[in-house]
Amino acid sequence: MSEGITPREEDYSRWYTDIIAAAELADYAPVKGCMVIRPYGYAVWENIQRALDQMFKETGHQNAYFPLLIPESFLKKEAEHVEGFAPQCAVVTHGGGKELEEPLVIRPTSETIIWSMFRKWIMSYRDLPILINQWCNVVRWEMRTRLFLRTSEFLWQEGHTAHATAEEAEHEARQMLGIYQKFAEEYMALPVIPGQKSEREKFAGAVRTYGIEAMMQDRKALQAGTSHNLGQNFARAFDVTFQDESGKQEYVWATSWGVSTRLIGALIMAHSDDQGLVIPPRLAPIPVVIIPIYQGPEREMVLAKAQQIAQQLKDCYQVKLDDRDQYRPGWKFNEWERRGVPLRIELGPKDLAKDQVVLVRRDNNAKEVVPIAALQERVKGLLEAIQHSLYDRALQFREKYSFYIDDYEEFKNTLDTPGGFIYTFWCGSSTCEENIQEETKATLRCIPFQNEDGEGCCIYCKKKAHDRVIFARAY
RNA sequence: CGGGGCGUAGCGCAGUCUGGUUUAGCGCACCUGCUUUGGGAGCAGGGGGUCGGAGGUUCGAAUCCUCUCGCCCCGACCA
């Protein structure tokens with residue numbers, strides 16, 4: 001279809017990387033596994049940040065910053081945590097030309113350094129809760145990397161909270177998952193399934209891990225955000241206690257939660273098509289682009305009107321007026337389609353004569369003529385319509401490829417074709433989970449909060465089970 | 001780490017098997033000029049390369065040999 005973009009049907013992986021190159025979202029860095037986020041891609045990230053940051057602050061969180069380098073010994077204080085992260089850590093051994101007395105780990109996540117600080121800050125229940133978030137980069141040495149989805153260094157936010165009671169911590173972990181869900185659905189136009197992670201899939205050092213799962217267009221699952229109830233694990237590891245109201249010393253209860261630049265990968269794989277990127281209006285760096293059309297002497301008049309319209313719309317939206325003379329309109333149409341701009345306004349002499357413009361939607365190519373007087377209103381309406389229709393389309397897709405299956409053979413067949421989310425009973429044993437994964441390459445994505453069926457038999461061992469869980473091949 | 005693919009201009013490639021009119025070429029992009037502009041314009045002119053790197057074979061290497069570095073894709077670890 002579009003030049004330089006491999007169709008999804010032909011090669012989904014290539015399509016994905018082609019989209020990123022064509023829309024100029026990111027590029028490969030000189031170091032393996034690292035990526036450069038280009039201005040257009042970073043603008044998407046900034047929009048993600050802005051929306052989430054506001055939601056975090058509305059729920060009482062404050063931003064802070066903790067250092068990149070963490071003493072290696074810190075990481076070793078929490079048993080599960082070391083085991084989980086040690087193999088993935090980059091370690092600094094030299095500084096200033098000399099070997100360091102203690103190697104410094106580049107943060108794979110900041111629980112340890114943050115809890116070492118919480119120890120200094122928390123004395124009594126009056127110091128709690130502490131609700132902190134940080135926007136930063138982390139490094140995890142990955143064997144296999146893919147732009148946005150898994151890179152050795154990535155950008156994210158990590159929330160870290162400390163509470164006086166287990167209930168409060170649990171409430172916080174669930175609340176933040178709720179925020180992620182709301183963000184995914186309302187901003188990314190991405191339907192997600194909130195649920196709990198199995199023991200095998202949970203965060204190293206957590207008591208419980210929650211996550212939101214989304215389905216990509218190749219029917220694979222992608223975890224779009226996680227939230228952990230860390231119990232008292234880190235408080236014990238870092239000896240963080242507080243005096244409660246009755247005067248007793250207690251360990252502090254903790255949570256942590258995060259989303260990363262992986263969300264951009266999710267955005268791409270959920271909505272884009274063979275023409276290029278498709279970005280939901282609420283996250284689009286440029287929601288509206290104006291393409292003026294003119295020949296010779298018409299130029300001044302058309303451009304003047306285009307500028308006027310741009311100015312008028314700018315009060316509400318980021319509008320781009322593409323007044324570059326070196327490209328012709330057809331070329332520009334393609335360019336902005338490739339870059340996923342949700343709405344295009346075409347304005348030429350014929351429109352000028354009739355006081356109208358042509359509007360074209362990126363999501364379905366629908367074209368309509370609108371009087372300039374009604375433009376503002378119509379743009380607003382269309383952007384909302386696009387936002388909703390992207391969500392609906394993604395939801396329908398997910399529903400279409402969600403299956404309730406109780407037979408293991410059927411389970412395997414369905415995973416192969418057509419693929420998707422398989423809701424099935426599972427007894428709760430890690431062994432069954434592991435065997436299923438080895439035999440089918442599907443992982444237990446989550447135990448959904450909303451479970452429809454009550455009782456059944458484990459798809460693997462046939463023992464009694466009371467949870468229908470989701471299995472899928474995943475990123 | 002295993003399997004596959006690939007390193008030649010900014011990007012995509014041909015040339016490699018069979019060493020020699022190749023002074024290393026083509027398309028796109030880029031620069032200049034003119035004509036163009038409602039779905040990726042046309043013509044003319046122009047700039048741009050240590051052929052990933054190091055050794056070797058040879059009168060002669062992008063091409064053959066050895067070593068090496070890097071990347072992409074598919075698997076085992078993970079947001």
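Atoms considered below: every heavy atom in the structure, side chains included; atoms not considered: hydrogens, waters and symmetry mates.
Around CD of A:Q62, the count of heavy atoms belonging to other residues, nucleotides or ligands within 6.0 Å does not exceed 12.
When both pairing distances are held under 3.5 Å, B:C26 makes a Watson-Crick or G-U pair with B:G12. Across all strands shown, B:C6 is found opposite B:G70 as a Watson-Crick or G-U wobble partner, with both distances under 3.5 Å. Pairing for B:G20 is with B:C59, a Watson-Crick or G-U wobble pair whose two hydrogen-bonding atom distances lie under 3.5 Å. B:U50 is unpaired under the Watson-Crick or G-U wobble criterion, no partner having all donor-acceptor distances under 3.5 Å. With a cut-off of 3.5 Å on both Watson-Crick or G-U wobble distances, the partner of B:G40 is given as none.
The distance from atom CD of A:Q437 to atom C1' of B:C77 is 10 Å, rounded to the nearest whole Å.
The residue A:D351 sits close to a base: some heavy atom pair falls under 4.0 Å. Contact annotation for A:Y28: backbone-only contact, meaning every heavy-atom pair under 4.0 Å involves sugar-phosphate atoms and none involves a base.
A ring-centre distance under 6.0 Å is not found for A:Y180 and A:F183.
Of the side-chain N and O atoms in A:K441, one or more sit less than 4.0 angstrom from OP1 or OP2 of B:A76. The phosphate of B:G39 has neither OP1 nor OP2 within less than 4.0 Å of any side-chain N or O from A:R328.
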